[in-house]
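Contents: one structure, followed by commentary.
A, B, ... follow the sequence lines: proteins, then strands. Residue 1 opens every chain.
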Amino acid sequence: MSERDVEFYRRIQNHDQDALEALYDKYERLLYSFVFKMTKQSELSEEVIQEVFMKIWHRKGIYDESKGKFSSWLLTVARNTAVDLMRKKKDTPYSLEERDSVHQQGPSSEDLLEWKEEGERVREAVATLKEDQQEVIHLFYFNGLSQQKIADRLDIPLGTVKGRIRLALKHLKKNISQHDEGGI
Amino acid sequence: MSDQKQCELLIDYFNQELSESEKQAFEAHLETCDECKEELAELNALNETLPFASEPVDPPEGMKERILANVLAEETPTKEETDSNDEKVVPYTKEPKRKRSWILPSIAAVLILSLLGNAYFLFGTVDDVAEEDPGEEEPIEEDPPEEDPSEEDPVEEDPAEEDPPGELTDRVTHSVTLNATEYMNAAGQASILENELGRSLLIQAENLESLEGDEAYQVWLLEGEEPYRAGTFVPDEEGRGAVSFSLDDLEDVDYDTVAITLEPSPDNEQPEGEILLVSEL
């Protein structure tokens, strides 16, 4: 799977439009869902995804195979672009919708296998976190806020934000590995 | 800055909140701080898992076509772009540069309407704002101030230098994408058009929720906190709405923002509803 991505990527570097479309088709829904979760705005999400593909097409974003999976790189570019555009628009949404939608249906069979498999365990791992830990992860990771803004939102001292994030991520990691041991 | 202090900036570095100089200082610190290096690697690794927690959401219709067209369009400059310094009239109907959404192709249609009747409202409600303050007849401005056409203007246009006699030529002097707020997942565009008779504001929106009773979508131009009515409309069955509004009466207003609200009645003089779409002008 990853090999095909790399193949697409190489062809795109040579300005192969079919490869661009193939890569787009493969990741459109995942990217859109991810970016929409961050921005909560469809127009802005589209702008972000367009920017991501601009970067790929115009070789402004360079993927280095030795640094990991292509999908992780693509999602990293998408997140960075979204964080950047959200800050420029100065309109960061604040929503914990994910908490209520945890029980929603996961990706369908047409979606990426990776999303289906990974998604289930990650969603469960997030869902079993305490509410305030879910919140801090959302503000930090999905909304990409500064420590100061997170402190303001949660009404906690600035100096404690990093510790909170660290703790929440530690629990998240633990939950994910527990799920791996318990399941499958 | 002490190392201890630098370590505190990791989160803001990861979220790209540091200024260029702060960033450079942090990256220098990163070279020497194994703890930060390790933590940063852990944060980066989140991109391998957390995005997959996203619940599937359907992308907007036509997103693929728009994005691919835009990405590929910038690949090689088109003839139109290379010629753009030439003095020539680019009529609206002639394939504008493809940018976003359904909105552009229909501008031409709206223009025809606005030319024919100076129709203020395309769909639905009649607004009476234009009659509120007839004031004195303003002389028609022959030479409206030039605006920078390069300013995030999605439509390529050149000033119409020679008009065929008896015909008005509208051109876009400014165009912005409206941003949806948390209240409604709508989308839209605001353009300021100018022709020999004056300027008008053209609003087009989609993905609008349907209305009940007397409700109407109301456009406002804001000068700071002060709202000025700038058109009312109701959406069609597919959630699309548009309105063209003459800016003649607002010539003295130095508006900086355009916003759309949902109002309980089309006659509201002051906004009551939440802002659904907004952009600076």
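Residues B:A53 and A:K37 approach most closely at O-NZ, 4.2 Å, considering heavy atoms. B:T177 and A:E43 get closest at one heavy-atom pair: CG2-OE2, 2.9 Å.
Remark: A:D25 engages B:K64 in a salt bridge (Lys or Arg N to Asp or Glu O under 4.0 Å) (not counting sequence neighbours).
A distance of 7.0 Å separates CZ of B:F14 from CG of A:N80, quoted to the nearest 0.5 Å. Atom CG of B:L10 and atom CZ of A:R166 lie 8.5 Å apart (nearest 0.5 Å). Taking OG1 of B:T49 as the reference point, atom CZ of A:R123 lies at 12.5 Å (rounded to 0.5 Å). Between A:Y141 atom OH and B:N47 atom CG the span is 3.5 Å, to the nearest 0.5 Å. If you take CE on B:M63 and CD1 on A:I49, they are separated by 4.0 Å, rounding to the nearest 0.5 Å. Distance check: A:K162 NZ to B:E8 CD gives 5.0 Å after rounding to the nearest 0.5 Å.
Using a 4.5 Å heavy-atom threshold, the side chains of B:E17 and A:Q148 count as separate. You'll find the side chain of B:E48 stays beyond 4.5 Å of the side chain of A:L75, heavy atoms only. Counting heavy atoms from C-beta on, the side chains of A:L20 and B:L72 come closer than 4.5 Å. Side-chain contact between A:S33 and B:E55 is absent, with no heavy-atom pair separated by less than 4.5 Å. Between A:F36 and B:S54, every side-chain heavy-atom pair lies at or beyond the 4.5 Å cut-off. The shortest side-chain heavy-atom distance between B:E42 and A:L169 does not fall under the 4.5 Å cut-off.
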Q) When you look at A:M54 and B:I67, which way does the side chain to side chain contact (heavy atoms under 4.5 Å, CB included) test go after all the steps? A) CA-CA 9 Å; A:M54 286 276 184; B:I67 287 185; over 6 Å; no
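Annotation: B:K37, atom NZ; neighbour count of heavy atoms from other residues, nucleotides and ligands within 6.0 Å is above 12. Atom CD of B:Q16 is surrounded by more than 12 heavy atoms from other residues, nucleotides or ligands within 6.0 Å.
Taking chain B as the reference chain and counting heavy-atom pairs below 4.5 Å, the highest number among A:E117, A:E51, A:Q147, A:E118 is found for A:Q147. Ranking A:I150, A:V83, A:V122 against chain B, the residue ahead of the rest is A:V122, based on heavy-atom pairs under 4.5 Å. For the set B:N185, B:L68, B:L50, the entry with the most heavy-atom pairs within less than 4.5 Å of chain A is B:L50.
Heavy atoms of A:F53 lying under 4.5 Å from chain B belong to its backbone as well as its side chain. With a 4.5 Å cut-off on non-hydrogen atoms, A:K173 touches chain B through its side chain but not through its backbone.
In this structure, the side chain of B:N15 engages the main chain of A:L145 through a donor-acceptor pair within 3.5 Å.
Between B:F52 and A:F34, a ring centre-to-centre spacing not shorter than 6.0 Å is recorded.
By a heavy-atom distance cut of under 4.5 Å, B:E35 are the residues of residues 20-35 of chain B near chain A, going up by number.
For the pair A:E46 and B:R66, the salt-bridge criterion is met [side-chain N within less than 4.0 Å of a carboxylate O].
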